[in-house]
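Remarks on the structure that follows.
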Amino acid sequence: MMDIEPQKRRAPSMVWPIAIGLGTAMLAGGFAGYNQSAAENGDAVLAPWIGPVVAILIGGLALAYYVRRYADWFRNWSPRKRLYWVSLTLSCALGFVAAMVMQSGTSGPEGLFSNAAMTPTVAIGLSVMWVVGLTIALVLYHRTVDDHERRAYHLGGLAGFYAFVFPCPVWWVLWRADLAPPVEAMPLFALSLAANALFYFWFKFR
Amino acid sequence: MNNQLKVLRAMRNWSQAELADRLDVSRQAVNAIETGKYDPSLPLAFKLARLFAMPIEEIFDDGHEGQDDGH
């Protein structure tokens, strides 16, 4: 039986995917800046989803060109590895679009976690995109993740769970005694996510 | 758990990335196993054993050799 030799050629530079990611974010930021200045001048603004979608499309095309240029190298990836990176790219794109849409029209990162009013169309669009997109990405991820990363993912998930179940009831009882402001979901979500990311990255890359 | 992975890999002049490709896992997984920060699952241990054509107990050592005889 012939053993398939793993690819010995040097991997293509990671500079380009990073540059494409940054360029995509800057392009979306440009659209957001345009909308902000248009709103300040009382002019008509673009729909909040246009900037992120155009940026993602152009970024996607650039990424497709990069993959095509190094097709020989990528072709040697196993099916598992290919699907794994598809799931990660899809998750990043979802997070990017959601963040850009939520931040559109605000003047800083506070837009991501603010409770400011949102139009029903944007809210429903974001919810559907999050649930459907994340489900697809996670199914792909869990089918392709390797042993070691699965452990890091599980430990990160446990840390995220504890970062919710410890502070949540404490905050709640403190609020009932009028010692704390009302319980809010978003700070707990952010704390849980931060704990999850911290433990996941530690066990994956230490 | 101690293991001979680094030695076996060096004998074949493979990089961690090459071994990872042969096992279809990430390079971080190979590094974590080599440095003893992670013990592989049974399926991955069998995969390693098949790749190096050696019994699992010759690759991995849990430090209890001969102590499990008769329970």
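All chains are named by letter (A, B, ...) in the order of the sequence lines, taking the proteins before the strands, and each is independently numbered beginning at 1. Keep in mind the model is a prediction, meaning the values are calculated, not measured.
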In this structure, are over 12 heavy atoms from other groups packed under 6.0 Å from [X] atom [atom1]?
X: A:R143; atom1: CZ; result: no
X: B:K47; atom1: NZ; result: yes
X: A:F164; atom1: CZ; result: no
X: A:Y65; atom1: OH; result: no
X: A:R150; atom1: CZ; result: yes
X: A:W85; atom1: CH2; result: no
X: A:W16; atom1: CH2; result: no

**Study point:** Inter-chain contacts: residues 196-206 of chain A against chain B, heavy atoms under 4.5 Å
**Key:**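 Residues of residues 196-206 of chain A touching chain B at under 4.5 Å: A:K204, A:F205, A:R206.
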Point to revise | A:H148 vs B:I33 side-chain heavy atoms within contact, under 4.5 Å | key: no
Exercise for review: Apply side chain to side chain contact (heavy atoms under 4.5 Å, CB included) to the pair A:K81 and B:D21, showing each step before the final yes or no.
Suggested key: CA-CA 9 Å; A:K81 195 172 177 179; B:D21 279 348; 3.8 Å; yes
**Study point:** Short side-chain to backbone donor-acceptor contact, A:D147 and B:P40, under 3.5 Å
**Key:**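 Checking the backbone N and O of B:P40 against the side chain of A:D147, no donor-acceptor pair under 3.5 Å is found.
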Point to revise | Minimum heavy-atom distance B:S26-A:D146, with the two atoms named | key: N-OD2, 2.7 Å
**Study point:** Top of B:V30, B:D24, B:L23, B:L44 for chain A proximity - count of heavy-atom pairs under 4.5 angstrom
**Key:**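 Highest number of heavy-atom pairs under 4.5 Å: B:D24.
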